[in-house]
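First listed ligand is number 1; within each ligand, the first listed atom is number 1.
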Amino acid sequence: MLFGRNKKNPIKIRNKGAVEWKYSTCGYCSVGCSIEIGMNEDGVPVTTRGVGGADVNRGKLCIKGLTEAQIFDSVGRGTRPKIRQKSFDEWEDTTWDNALDKTADEFKRIQEKYGRDSVAIISTGQIMTEEFYTLGKLVRGVIGTNNYDGNTTLCMASAVSGYKRSFGSDGPPGCYGDFEHTECLMAFGSNLPEQHPIIYWRLKEALEKRKFPVIVIDPRVTMFSQFADMHLAITPGTDLVLLNSLAYVILDEGLEDRAYIDASCSNYEKFSKTVADYDPVSASKICGIDEDTIRNVARLYAKAGSAMSIWTMGINQSTHGSDGVCGINNLNLITGNIGKPGGTSLSITGQNNAMGTREWSSCSGLPGYRALEKPEHREEVATFWGIDSSFFPEKRGLVETDIFPAIETGQIKALWLVATNPMTSMPNSARIRKTFEKLEFCVVQDCYEDVETTQYANVYLPAALWAEKRGCFTNTERRVNLTNPVVKPIGESKSDFWIFTQLAKRWEQGQKITFPDDTEEVFEEMKALSKGAHRMLDISGMSYDLIEKSRGIQWPFREGQDKGSARLYTDGVFQHGDGKAKLMDMPYIENNECPCEDFPFWLNSGRVVEHFHTRTKTGKVGNCNKFSPTPYMEINPDAAADLGVKHMSYVRLVSRRGDAVVLVQTTQRVARNMVFIPMHFHDCINRLSLGLLDPYSRQPAFKQSAVRIEHIDQKEAARLNVEMRAF
Ligand SMILES: Nc1nc2c(c(=O)[nH]1)N[C@H]1C(S)=C(S)[C@@H](COP(=O)(O)OP(=O)(O)OC[C@H]3O[C@@H](n4cnc5c(=O)[nH]c(N)nc54)[C@H](O)[C@@H]3O)O[C@H]1N2
Ligand SMILES: Nc1nc2c(c(=O)[nH]1)N[C@H]1C(S)=C(S)[C@@H](COP(=O)(O)OP(=O)(O)OC[C@H]3O[C@@H](n4cnc5c(=O)[nH]c(N)nc54)[C@H](O)[C@@H]3O)O[C@H]1N2
Ligand code: SF4
Ligand SMILES: [Mo]
C-alpha cells in the first residue's frame with residue numbers, strides 16, 4: 001500500500017537513554033573532533049554527540065564518531081593477558097605479572113645474545129601523547145634498542161621528511177581557519193569528504209560564505225573531485241612533474257613573489273635551473289595533465305591574494321612522496337604563501353594522534369622534535385631523564401619498512417607491536433607473514449585480541465581503548481585536545497601507559513629513571529621539556545583544565561600566552577640554520593611499477609568513509625560494516641566489458657607478489673587502465689601491493705603497482721573468499 005508523503009511516519013531517533021554526557025576527543029582520525037559520550041543510568045556508554053562550542057567540529061561528527069560508543073564492548077576486545085610458548089600453540093590466559101615478566105625476560109635474553117638492537121619496537125599514531133612520551137623514555141632510556149619506529153612510516157613519513165627538507169623542521173604551518181581566508185585551494189591525493197569529513201565540512205562552510213576555486217589532483221574520480229571546480233586526473237606517481245611544471249610557469253611568467261623569495265628562501269638558483277626543464281608541453285606527456293590546464297592552474301594559484309595546498313596519501317605514499325611534499329612547499333614559497341591567513345602548505349594527517357607521535361614519541365629522535373644526531377639534544381634529554389647520554393645512539397635506527405627485512409635476514413629477533421596491525425597494513429603480506437615466522441619472540445599490545453598479528457604473538461597484552469584512559473591527542477592543525485576516561489578499561493585490560501611503566505620496572509635502569517604515576521604528571525614533564533625561547537613546539541602554557549575548557553589549544557602555546565598559535569612561520573623565519581626555507585631542486589626519475597602487457601592495470605588503493613584501517617573497530621559496528629562488508633574492486637565498465645567481467649561477480653587479481661579474490665564493482669570513478677581497492681580488508685590489497693620505498697622517508701608506494709585480472713569460477717571464488725577471511 002502506498003502512503004502519501006505527508007502520511008509517512010516521521011523518522012524516529014531511538015532514545016538511547018543517555019543521562020550524563022562526558023567530554024572526550026574522537027579516537028579515529030586526525031581531524032580531532034571534540035566528542036561527548038552519552039552514558040545511561042548504569043554508567044554504560046550508549047551514544048555520542050559533537051561538542052557545539054568546539055572550534056574544530058562545531059557540533060558535528062562523521063559516521064565513525066557517531067557510532068563510536070559501540071566499540072567499547074564489541075566482539076574481539078581483549079580482556080585478559082595471554083601467553084603461548086610457540087606461535088601456533090593454544091593461547092593460555094595468564095596474569096599481568098607473568099605476561100610482563102616473560103616480555104622483559106625475553107627482551108633481555110635476546111639483547112644479551114644478539115645485541116641491543118636485535119629487539120624491534122613498532123608503535124602507532126593512535127595512543128595518547130603522554131603514552132608516546134613514556135614509551136619513548138622506556139625504549140630510548142631503558143631498553144636501549146635503536147630499532148624503534150611507528151606505523152607513521154606508512155602514513156606521514158613523507159610529510160615529515162618534506163617539511164624538514166623545506167623548512168628545517170616538522171610541523172604543519174597552517175590551520176582549518178585558513179579556508180576562511182584563502183582565494184584558491186589545491187588538494188593533492190586527498191579525498192577529504194570521505195577521509196576527513198569534518199575538515200571537508202569546514203571547507204564547505206567557508207565556500208558557502210565566499211566562492212574560491214577548488215582544484216583536486218587525483219587519478220581517481222573521488223567524492224572530493226566531484227565537488228571541485230577542477231579535477232586533474234593525474235598519471236599515478238607523477239605529481240612532482242606537475243609541481244615542477246607549475247613552478248616553471250610561475251617563474252617563466254614572472255608571477256613569483258620576488259620579495260618573499262629574496263627575504264626567506266635559499267637555493268633559488270639551483271631550483272630555478274631544475275624546473276626550467278619542466279615546460280608544460282614536456283611535463284604534460286609525463287603527468288597526463290594537458291599543457292593549458294597546467295598554465296591555467298599556475299596562473300590561478302600565483303595570482304590569488306592567498307592560496308593554499310593540502311595533501312594526504314596520494315602524495316605521501318609514493319616513491320616521490322618526500323619530493324612531492326617539497327614540491328608543494330616550493331610552490332607556496334615562491335608565491336609567498338606560507339604562514340599567512342589562507343596561504344599555507346598543510347599536510348592533512350591521518351590517525352587521531354599521528355601528530356603526537358611525531359612530536360613526543362622519540363621514534364625518529366628524541367622528545368619535542370629533538371634529534372639523536374645533535375649532541376646537545378642528547379645531552380639535554382639524558383640530563384633531564386637522569387641517564388648517561390652515551391646510552392643514546394648517535395643516529396636514528398631502522399624504520400618500520402626496514403625492520404621487517406632486518407627480521408628476514410636474522411638481524412632482528414624480537415618484535416613488540418603497540419597498536420598497529422602490519423599483517424594487514426604492510427605491503428606484500430606474503431613476505432610479511434614469512435617474516436613473522438622467523439621471530440623468536442613477538443608481543444602484541446592491542447585493544448582487540450582478534451587482530452591478525454596475534455596469530456604470531458607469544459604474548460598478548462590487552463590494552464584499554466581511547467576513552468577508557470586520560471591523555472592528549474594533537475590534530476592536523478597542531479591542536480592538543482583532551483580525552484577523558486568515560487568508563488573503566490574492559491575486563492583486566494590496562495592503559496598503554498600503565499603497561500609501559502610496569503614494564504620499565506623490570507629493568508634496573510627503569511627503576512632509576514622516574515616514571516610518573518599518571519598522565520597529567522607526564523604532561524607536566526613534557527611541558528618542562530618543551531620550554532625554550534627558540535622552541536617551536538612549546539606547550540608550556542597548557543594544562544589539562546585549560547585544554548578541556550578551550551576544547552583544544554594549538555601549539556606553540558607558551559607560558560603566559562592567552563591564545564594558541566594558528567600558524568607557524570608568520571615572520572618568514574624558518575628552522576634551517578640560516579633561518580631560510582630551502583627551495584628544493586628535484587628532477588623526476590621514473591621508477592614505478594607501471595602497467596605492462598602481463599599486468600595491464602594500475603592498482604590504486606585507499607579508504608572509504610565507513611571503515612577505519614584494518615577494521616578492528618569499524619568492522620564490528622553494524623552501521624559502518626553494512627556499507628562494505630566484503631573486499632571489492634572498482635573497475636571501469638568499459639574495461640570490465642572488454643574482459644567479459646560482470647558487476648557483482650568475483651575475479652582473481654594477480655600481481656608479481658600474489659593474488660586476491662575480490663567482488664567487482666563497475667564504476668566510472670576509475671579510468672580504463674586502473675582498479676581501486678579499499679585498504680581495509682585483510683588478505684586482500686596488500687597481498688598484491690609492491691610498496692617500493694621513498695628514498696628519504698622510506699614510506700611505501702602503496703598506491704602504484706600493476707595487476708592483471710583473471711576469471712574465476714564463481715562458486716570457488718565465494719568459497720575462497722570465505723576461507724581467506726576466516727584465517
Ligand atoms: N574513513 C576513514 N577516514 C580515515 C582513515 C580511514 O581508514 N577511514 N584513515 C586516516 C588515515 S591514517 C589517513 S593516512 C588518511 C588518508 O586520507 P586520504 O589520503 O585522503 O585517503 P586515501 O583514500 O588513502 O588516498 C587519497 C587519494 O589518493 C589518490 N592517489 C593515488 N595515487 C595518487 C597519485 O599518484 N597522485 C595523487 N595526487 N593522488 C593519488 C587516491 O586515488 C585516493 O583518492 O585518512 C584518515 N581518515
Ligand atoms: N594498500 C594500502 N595499505 C595501507 C594504506 C593504504 O592507503 N593502502 N595506508 C597506510 C596507512 S596511511 C596507515 S596509517 C596504516 C594503518 O595501519 P595499522 O596501524 O596497521 O592499522 P590499524 O587498523 O589502525 O591498526 C591499529 C591497531 O591499534 C589498535 N588500537 C587502537 N587504539 C589503541 C590503543 O589505544 N592502544 C592499543 N594498544 N591498541 C590500540 C587497533 O585495535 C588496531 O588493531 O595502513 C597503511 N596501509
Ligand atoms: S571526522 Fe575524524 S575525528 Fe571527526 S568524528 Fe569523524 S572520525 Fe572522528
Ligand atoms: Mo595513515
Under 4.0 Å between heavy atoms, the region of Gln704 that gets near ligand 1 turns out to be side chain
Any heavy atom of Thr222 under 4.0 Å from ligand 1? The part involved is side chain
(message) Test your reading of the model: is there a side-chain donor-acceptor pair from Asp323 to the backbone of Met586, 3.5 Å cut-off?
(response) no
Q. Thr48 side chain to Leu66 main-chain N or O, any donor-acceptor pair under 3.5 Å?
A. yes
Specify the protein heavy atom at minimum distance from [atom]: its residue, its atom name, and the distance to 0.1 Å.
atom	result
atom 39 (N) of ligand 2	Ala419 CB, 3.2 Å
atom 16 (C) of ligand 2	His613 ND1, 3.5 Å
atom 31 (C) of ligand 2	Gln126 OE1, 3.6 Å
atom 13 (C) of ligand 1	Gly350 CA, 3.3 Å
atom 28 (O) of ligand 1	Gly314 CA, 3.3 Å
atom 23 (O) of ligand 2	Thr614 OG1, 2.5 Å
atom 46 (C) of ligand 2	Ser425 O, 3.6 Å
atom 26 (C) of ligand 1	Gly189 O, 3.4 Å
atom 2 (C) of ligand 2	Phe702 CD2, 3.3 Å
atom 35 (O) of ligand 2	Lys469 NZ, 2.9 Å

Quick check with a 6.0 Å cut-off and a 45 degree axis cone: is Lys617 positioned over the face of Tyr448's six-membered ring? no
Tell me whether the guanidinium CZ or amine NZ of Lys204 lies under 6.0 angstrom from the six-membered ring centre of Trp201 and within 45° of its axis.
no
### Message
If the contact criterion is a heavy-atom separation under 4.0 Å, does Cys447 count as touching ligand 2?
### Response
yes
[X] heavy atoms, cut-off 4.0 Å: which ligand 1 atoms fall inside?
X	value
Gly237	34 (C), 35 (O)
Gln351	12 (S)
Val609	1 (N)
Pro236	35 (O)
Ser190	20 (O)

No-hydrogen, no-angle side-chain donor-acceptor test under 3.5 Å, [X] and [Y]:
X	Y	answer
Ser190	Gln195	no
Asn421	Ser425	no
Thr614	Thr424	no
Tyr301	Asn332	yes
Thr349	Thr476	yes
Ser161	Ser322	yes
Asn591	Thr319	yes
Asp694	Gln317	no
Glu359	Thr474	yes
Asp239	Ser318	no

Shortest heavy-atom approach to [atom] - which of [options]:
atom	options	answer
atom 14 (S) of ligand 1	Arg615, His196, Met313	Met313
atom 8 (N) of ligand 1	Met679, His611, Arg607	His611
atom 25 (O) of ligand 1	Lys64, Gln195, Lys703	Lys703
atom 41 (C) of ligand 1	Asn191, Asp218, Ile310	Asp218

Polar contacts were defined as any N/O atom of the residue lying under 3.5 Å from an N/O atom of the ligand; does this apply to [X] and ligand 1?
X	answer
Asn604	yes
Thr235	no
Ile217	yes

Test side-chain hydrogen bond (donor to acceptor under 3.5 Å, both in side chains), reference Glu634, set Arg220, Gln668, Gln665, output is Arg220
From the list Gln351, Glu400, His613, side-chain hydrogen bond (donor to acceptor under 3.5 Å, both in side chains) partner of Asn151 resolves to Gln351
Between the CZ atom in Phe188 and the CG atom in Leu243, the distance rounded to the nearest 0.5 Å is 4.5 Å
In this structure, OH of Tyr696 is separated from OG of Ser158 (nearest 0.5 Å) by 11.5 Å
Which part of [X] is near ligand 2, with near meaning a heavy atom under 4.0 Å away: side chain, backbone, both or neither?
X	result
Gln317	side chain
Ala464	backbone
Asp496	side chain
Asn151	side chain
Asp446	both

If we only consider heavy atoms of [X], is any one of them less than 4.0 Å away from an atom in ligand 1?
X	result
Met156	no
Ser318	no
Val608	yes

Minimal heavy-atom distance between Cys26 and Gly65, with the atoms involved, is SG-CA, 4.3 Å
Test your reading of the structure: does [X] have an N or O sitting under 3.5 Å from an N or O of ligand 2?
X	result
Trp466	no
Asn686	yes
Ser605	yes
Thr124	no

Numbered in order shown, the ligand 2 atoms found under 4.0 Å of a heavy atom of Val451 are 44 (O)
Counting from 1 in the order shown, the ligand 2 atoms closer than 4.0 Å to a non-hydrogen atom of Tyr448 are 42 (O)
query = Side chains of Asn604 and Pro219: closer than 4.5 Å at any heavy-atom pair?
reply = yes
**Asked** Does the separation of the ring centres of Phe227 and Tyr200 fall below 6.0 angstrom?
**Response** yes
Taking the six-membered ring for Trp and the full ring for Phe, Tyr or His, determine whether the centres of Phe72 and Trp466 are under 6.0 Å apart. yes
